[in-house]
Amino acid sequence: MKTCLYTLSIEELMQSLHFEKKFQARIVRDNLVKGITDFSKMTSLSKKDRERLNYDALTTKVVSKEESESAIKLAIELQDGLVIECVRLSDGKDRYTACLSSQVGCAMGCAFCKTGTMGLKRNLDAGEIIEQFVHLTQLGENISHIVFMGMGEPLNNFGPLMEAVTVLHNPEMFDISYRKITISTSGYVPGIIKLRELGFPIKLAVSLVTANDEKRSRLMRINNAYPLSQLKKALLSFQHHENKRITLEYCMLKDYNISKEDAEELKKFVAGLDALINLIPWNPIEGMRFKTPSDEEIREFTSNLKSLGINYSLRRSKGRDISGACGQLATKINKD
Ligand code: SAH
Ligand code: SF4
């Protein structure tokens, strides 16, 4: 098994690559951070070193690529043959965001989510998380933002996630500011508390889906362990310490969570929170019983939100247009 070089210190890089001098390891690191992973292309290394290390440093590889107007989705094969996905999203101007996975599959089993049908295969290690970012930078644009909204529940893989975030944030490495990193959770309360305790100004997003406990428990198993009252308490505490807006992702399901009562329950849940509701129409998944609301139904729900004074944004789910919902590409490949 190859070791991911991005997780190594300069001293460890020297040892791992059998360098005598620190500057050689520094050259390699600078190249790696620029996305140059093939040693033979690291022109500032000596010819001897380039000939000795004639391979690509990455431990993972791209096995498929799908492109749409606003997104490029990559399927990445890990060393044990499992496949994950990551996406580069574009805002149409010059901002690029990397959407990364934290696990292979997910244990949470949310009823509307493709990744949930896979179960949890395993956690990713820090290197596997970082390398997704590297593959996405190798597509050629400068990526300024990161969201952990790919496969998996990031807060259930806390250690490796934070190890990866540390490297992505490190000014001597990728230099992504904490404020430009968002962790999305299904509402794993102990993880939210741990994140608050760390005190990094990382942004938090929560997949709320509905503000009704009974409905939420039916859709998301996590709600049985951490019901809405506990989730809200954790969010208030997070906000009290971090003092920044939390995004609540609201996957809209026809005939399920977009009635006037749903809007009113949402109003109660957000009271006291500085939150933005991010509305995402459900992306159809074959074999699932849910339906995507029509434009008219979406308009009706947003006008209810508006009249209740709830902050929301409606995002036509970028990236989902290319190969469907969260995890769809990788679940397809893992099955083959
Ligand atoms: N596990 C984390 C991170 C994954 S983010 C979490 O759940 O927050 C994946 C986001 O996509 C979540 O907000 C989820 O609610 C949403 N999602 C999952 N399946 C979807 C689908 N079929 N259509 C639209 N959104 C979906
Ligand atoms: Fe896991 Fe998030 Fe999908 Fe739920 S929505 S199954 S937590 S990836």
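Heavy-atom basis, side chains included; hydrogens, waters and symmetry copies ignored. Indexing begins at 1, ligand by ligand and atom by atom, following the structure's order.
Polar contact check, K114 against ligand 1: no nitrogen or oxygen pair lies under 3.5 Å apart. For a threshold of 3.5 Å applied to N or O pairs, the pair formed by G152 and ligand 1 contains at least one separation below that value. Residue C113 has no N or O atom closer than 3.5 Å to an N or O atom of ligand 1.
Listed by number with element, the atoms of ligand 1 under 4.0 Å from a non-hydrogen atom of W282 are 21 (C), 22 (N), 23 (N), 24 (C). Every atom of ligand 1 with a heavy atom of M149 under 4.0 Å away is listed here by number and element: 4 (C), 5 (S), 9 (C). Numbered from 1 in the order shown, with element, the atoms of ligand 2 that lie under 4.0 Å from a heavy atom of G116 read 6 (S). Interface atoms of ligand 2 facing S186, defined by a heavy-atom separation under 4.0 Å, are 7 (S). Which parts of ligand 1 touch T185 is read off a 4.0 Å heavy-atom cut-off, strictly below it: atoms 6 (C), 8 (O). Residue contact check: C106 has heavy atoms under 4.0 Å from atoms 1 (Fe), 6 (S), 7 (S), 8 (S) of ligand 2.
By the criterion of a heavy-atom distance under 4.0 Å, the side chain of I285, and not its backbone, is placed next to ligand 1. At a heavy-atom cutoff of 4.0 Å, ligand 1 is contacted by the side chain of E249 but not by its backbone. Under 4.0 angstrom from ligand 1, the non-hydrogen atoms of C251 all belong to its side chain. Contact annotation for C113 and ligand 2: only side-chain heavy atoms (C-beta onward) come within less than 4.0 Å of the ligand.
The CD1 atom of I193 sits 11.0 Å away from the CG atom of L195 when rounded to the nearest 0.5 Å. To the nearest 0.5 Å, atom CG of residue N311 and atom CG of residue L305 are 10.0 Å apart.
Using a distance-only test at 3.5 Å, with no hydrogens or angles considered, a donor-acceptor pair links the side chain of N157 to the main chain of L124. Side-chain atoms of S101 do not come within 3.5 Å of backbone N or O of Q103 as any donor-acceptor pair.
Residue G150 places a heavy atom under 4.0 Å from ligand 1.
Side-chain contact between E12 and L5 is absent, with no heavy atoms from C-beta onward closer than 4.5 Å. In this structure, the side chains of I72 and V87 stay at 4.5 Å or more apart for every pair of heavy atoms. At least one side-chain heavy atom of L219 sits less than 4.5 Å from a side-chain heavy atom of L253.
In this structure, F269 has its ring center no closer than 6.0 Å to that of Y250. Y6 has its ring centre less than 6.0 Å from the ring centre of F174.
In this structure, of N283, I183, T182, the residue bringing a heavy atom nearest to atom 23 (N) of ligand 1 is N283.
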Given W282 and F112, is the ring pair (Phe, Tyr, Trp, His ring centres under 6.0 Å) satisfied, shown in steps? CA-CA 8 Å; W282 184 66; F112 50 85; 8.2 Å; no
